[in-house]
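These numbers were taken from a predicted model, which means no experiment stands behind them. Throughout, protein chains are lettered first and strands after them, A, B, ... in sequence-line order, and every chain is numbered starting at 1. Only this structure's heavy atoms are used, side chains among them; waters, hydrogens and symmetry mates stay out.
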Amino acid sequence: MLDIKFIRDNQDIVKDAIRKKFVKLDLDGLISLDDKRREVLSLVENLRAEQKTVSDGMVSADASAREELLAKLRPLKENLQKKEEELKKLTSDWRDMMVQVPNVPDMTVPEGVSDEDNQEIRAWGEKTQFDFEAKDHVALCEAHDLADFERGAKVSGFRGYFMKNEGAQLFFALWQYTLNYFIKEGYTPIIVPSLVKKETLYGTGYLPQGEEDLYQTQDGEFLAGTAEVAMMSYYAGEILEKKDLPKKFIAFSPCFRREAGAHGKDIKGIIRVHEFFKLEQIILSEANHEMSVALHEEITKHVENIMQALKLPYHVVVNCTGDLGLGQVKKYDIEAWMPSQQKYRETHSSSYFHDFQTRRLNIRYRDDDGSLKYVHSLNNTACATSRLPASILENYQEADGRIRIPEVLRQYFSTDYIG
RNA sequence: GGAGAGAUGGCUGAGCGGUUGAAGGCACUGGUUUCGAAAACCAGCGUUGGGGAAACCCAACCGGGAGUUCGAAUCUCCCUCUCUCCGCCA
């Protein structure tokens with residue numbers, strides 16, 4: 001959520017953001033609603049002040065004076081109640097609109113409509129080429145009994161899967177390797193809930209817009225699609241110490257996604273599934289744009305370090321305005337090379353939000369001048385199993401059908417090859 | 001699942017219908033003292049919204065929501081969460 005003062009003072013900038021992010025929102029309507037809200041608010045406050053003053057006189061008044069005061073108060077109260085009702089409605093409508101106002105994209109973000117317009121900013125590694133007929137990760141999983149998709153569908157339904165044997169080991173190896181990397185970098189490891197209350201999803205900006213992609217329980221909780229949701233809500237309503245910032249977490253959780261808008265896409269394998277596991281980087285920092293930018297580059301670099309250690313060809317794209325989430329200021333996607341598709345596929349997503357999330361979640365810190373400020377937030381994937389293992393399987397296959405295990409992961413296996 | 005107790009400022013903890021935004025303590029900030037620090041003493045110290053050039057003024061906030069009342073931290077109802085005991089259980 002943006003500050004209404006900022007919105008009022010920078011209507012052109014916000015309108016531009018609405019246009020660039022393809023958000024449907026009538027900003028002029030919001031401004032005039034805010035005008036009305038302020039007007040009624042001030043009316044209510046004046047009425048309350050009057051009531052308070054008269055009411056204070058009751059303490060020292062005798063019986064007849066009391067009657068007189070009461071006669072004065074009755075119509076006042078009636079009027080106040082009417083205005084309060086009006087204010088309540090206005091405030092509720094105002095809030096509904098406020099949560100739809102998008103954050104403003106950074107100047108360096110290219111304008112565009114969809115992921116087609118994202119721009120590559122750097123690429124690393126040679127795109128893997130084979131002098132034999134290469135298999136996709138689905139065929140490789142089947143060939144070596146690394147996953148069971150048929151029984152996955154039988155037990156769990158469409159997009160269900162079981163990971164088995166070295167397939168299962170590969171997941172654990174990646175988690176362990178990634179976790180160790182981030183612990184060395186000073187991140188706090190943490191396992192967070194996926195079953196969350198809806199306030200957490202409003203706070204992180206996944207509601208109200210993203211409801212159709214979320215699973216909901218019969219008790220009203222939701223299953224989060226990322227550890228970011230629970231992790232960001234961890235400090236909701238709290239005031240942090242500036243000396244403790246930035247706070248860096250490496251958070252693990254199962255992730256659930258309905259993939260409601262993705263029918264027919266990636267229908268086989270583990271590229272697009274309803275349930276997977278993810279280690280996520282989450283950072284809370286002081287409210288400083290330069291620091292957010294520096295940390296954004298840092299969380300992106302961490303992923304690149306890991307991709308390079310795994311020797312996986314990848315590139316980094318800067319997402320265009322149309323491919324940004326409501327709260328995101330700037331986002332990089334890190335995409336791994338998928339030989340079977342002869343293209344890069346998103347494996348990580350690195351973004352920063354300024355105080356968009358923390359304003360909703362009310363996470364603040366006391367600055368040196370004594371004032372309270374909303375912290376800045378950032379997050380990036382650290383390791384998403386299943387997409388990362390799929391990429392490893394494809395890139396590491398050999399002519400004889402075996403799959404080599406990346407050097408840095410061999411410490412977690414008893415062999416160097418699958419098959 | 002059953003029974004009970006509770007939720008107050010950055011923390012702790014009083015208040016249980018009327019100048020209470022809220023005693024006391026801790027923490028914090030400034031000062032006195034000191035070569036410096038600690039201790040002691042003095043003073044200050046909530047957040048949010050609105051108005052104002054400013055001094056300052058007004059309103060809201062004692063887990064959340066509704067109600068009673070001229071007036072609610074204080075009374076009533078609902079919800080959430082925490083704790084204790086019993087039951088069940090990975």
Convert the base pairs of RNA chain B into dot-bracket notation, remembering that pairs crossing earlier ones are written with [ ] and that bases paired across to another strand are shown as |; include only Watson-Crick or G-U pairs under 3.5 Å. ((((((((.[[[..)..(.....]]].(((((.......))))).((((((....)))))).[[[[[..)....]]]]])))))))....

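At a cut-off of 3.5 Å, with distance as the only test, a side-chain donor of A:Glu394 or A:Ser340 sits close to an acceptor on the other residue.
Of the candidates B:rC58, B:rA60, B:rU47, the closest approach to any side-chain atom of A:Arg48 belongs to B:rA60. Closest to the A:Lys77 side chain, of the nucleotides B:rC70, B:rG10, B:rC58, is B:rC70. Side-chain atoms of A:Lys52 lie closest to B:rA60 of the nucleotides B:rA60, B:rC58, B:rU47.
Within the 3.5 Å criterion, the main-chain N or O of A:Glu221 finds a donor-acceptor partner in the side chain of A:Thr217. A donor-acceptor contact shorter than 3.5 Å is absent between the side chain of A:Lys330 and the backbone of A:Pro105. Under the 3.5 Å distance criterion, the side-chain polar atoms of A:Asn395 are matched with a main-chain donor or acceptor of A:Ser391.
B:rA22 and B:rA73 are spaced 12 Å apart, taking the P atom of each and rounding to whole Å. One P atom belongs to B:rA7, the other to B:rG15, and the distance between them is 11 Å to the nearest Å. Comparing B:rA39 with B:rG25, their P atoms are spaced 16 Å from each other, to the whole Å. Straight-line distance between the P atoms of B:rC75 and B:rA14: roughly 16 Å, to the nearest whole Å. Nucleotides B:rG18 and B:rU69 place their C1' atoms 12 Å apart, quoted to the nearest Å. Here, B:rC78 and B:rA90 have their P atoms 35 Å apart, quoted to the whole Å. Here the separation of B:rG21 from B:rG63, taken at their P atoms, is 16 Å to the nearest Å. With C1' as the reference atom, B:rC61 and B:rA5 are 26 Å apart, rounded to whole Å.
If you take CG of A:Asp3 and C1' of B:rG49, they are 11 Å apart, rounded to a whole angstrom. Atom pair A:Glu238:CD and B:rG46:P shows a separation of 22 Å (rounding to whole Å applied). As a whole-Å value, the separation of A:Leu43 CG from B:rG51 P is 14 Å. Rounded to whole angstrom, the span from the CG atom of A:Asp244 across to the P atom of B:rG10 amounts to 16 Å. What separates NZ of A:Lys243 from P of B:rA27 is a distance of 15 Å, to the nearest Å. The NZ-P distance, from A:Lys88 to B:rA60, rounds to 16 Å in whole Å. Rounded to an integer number of Å, the gap from A:Glu84 CD to B:rA66 C1' is 13 Å. Note: CG (A:Asp367) to P (B:rU29) measures 15 Å, nearest angstrom.
Here the two rings, on A:Tyr374 and A:His354, have centers that are 6.0 Å apart or farther. Here A:Phe252 and A:Trp175 bring their ring centres to under 6.0 angstrom of each other. A distance of 6.0 Å or more separates the ring centres of A:Tyr314 and A:His348.
Nearer the 5' end of RNA chain B, as judged by each residue's closest nucleotide, is the contact made by A:Arg364, out of A:Arg38 and A:Arg364. Of the two residues contacting RNA chain B, namely A:Ile239 and A:Glu85, the nearest-nucleotide position lying further toward the 5' end is that of A:Ile239.
Using a 30° and 60° split on the angle between ring planes, A:Tyr161 and A:Phe171 fall in the tilted class, from 30° to 60°. Ring planes of A:Tyr235 and A:Phe249: tilted class, angle from 30 to 60°.
Among the heavy atoms of the strands, none lies under 4.0 Å from A:Glu241. A:Leu372 comes within 4.0 angstrom of sugar-phosphate atoms only, judged by non-hydrogen atoms across all strands, and of no base. Here A:Leu69 lies out of heavy-atom contact (under 4.0 Å) with every strand.
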List the steps and the verdict of salt bridge (charged side-chain N to carboxylate O under 4.0 Å, His left out) for A:Glu111 and A:Arg19. CA-CA 10 Å; A:Glu111 209 175 319; A:Arg19 179 182 63 79; 2.8 Å; yes

Before you tell me yes or no, could you show the steps for A:Arg8 and A:Asp35 under salt bridge (charged side-chain N to carboxylate O under 4.0 Å, His left out), namely the whole-Å CA-CA distance, both residues' side-chain angles and the distance that decides it to 0.1 Å? CA-CA 10 Å; A:Arg8 293 184 71 103; A:Asp35 288 339; 2.7 Å; yes

With salt bridge (charged side-chain N to carboxylate O under 4.0 Å, His left out) as the criterion, how do A:Asp56 and A:Lys52 come out once you've worked through the C-alpha distance, each side chain's angles and the decisive distance to 0.1 Å? CA-CA 6 Å; A:Asp56 281 346; A:Lys52 226 170 148 176; over 6 Å; no

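OP1 or OP2 of B:rC70 has not a single side-chain nitrogen or oxygen of A:Gln51 nearer than 4.0 Å. The phosphate of B:rC28 has neither OP1 nor OP2 within less than 4.0 Å of any side-chain N or O from A:Lys242. Note on A:Arg366: every side-chain N or O is 4.0 Å or more away from OP1 and OP2 of B:rC28.
Cation-pi geometry between A:Arg402 and A:Tyr417 is met: the NZ or CZ atom falls under 6.0 Å from the ring centre, inside 45° of the normal.
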In B/S/- notation (B base, S sugar-phosphate only, - none; protein heavy atoms under 4.0 Å), nucleotides 74-83 of chain B written 5' to 3' is ----------

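Between the side chain of A:Glu45 and the base of B:rG49, a donor-acceptor pair under 3.5 Å is found.
Of the charged side-chain nitrogens involved, none lies within less than 4.0 Å of a carboxylate oxygen, so that A:Arg404 and A:Asp416 do not count as a salt-bridged pair.
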Interface polar pairs with nucleotides 16-18 of chain B, N/O, under 3.5 angstrom:
unit_1 : atom_1 : unit_2  : atom_2 : d
B:rG18 : N2     : A:Ser55 : O      : 3.3
B:rG18 : N2     : A:Ser55 : OG     : 3.4

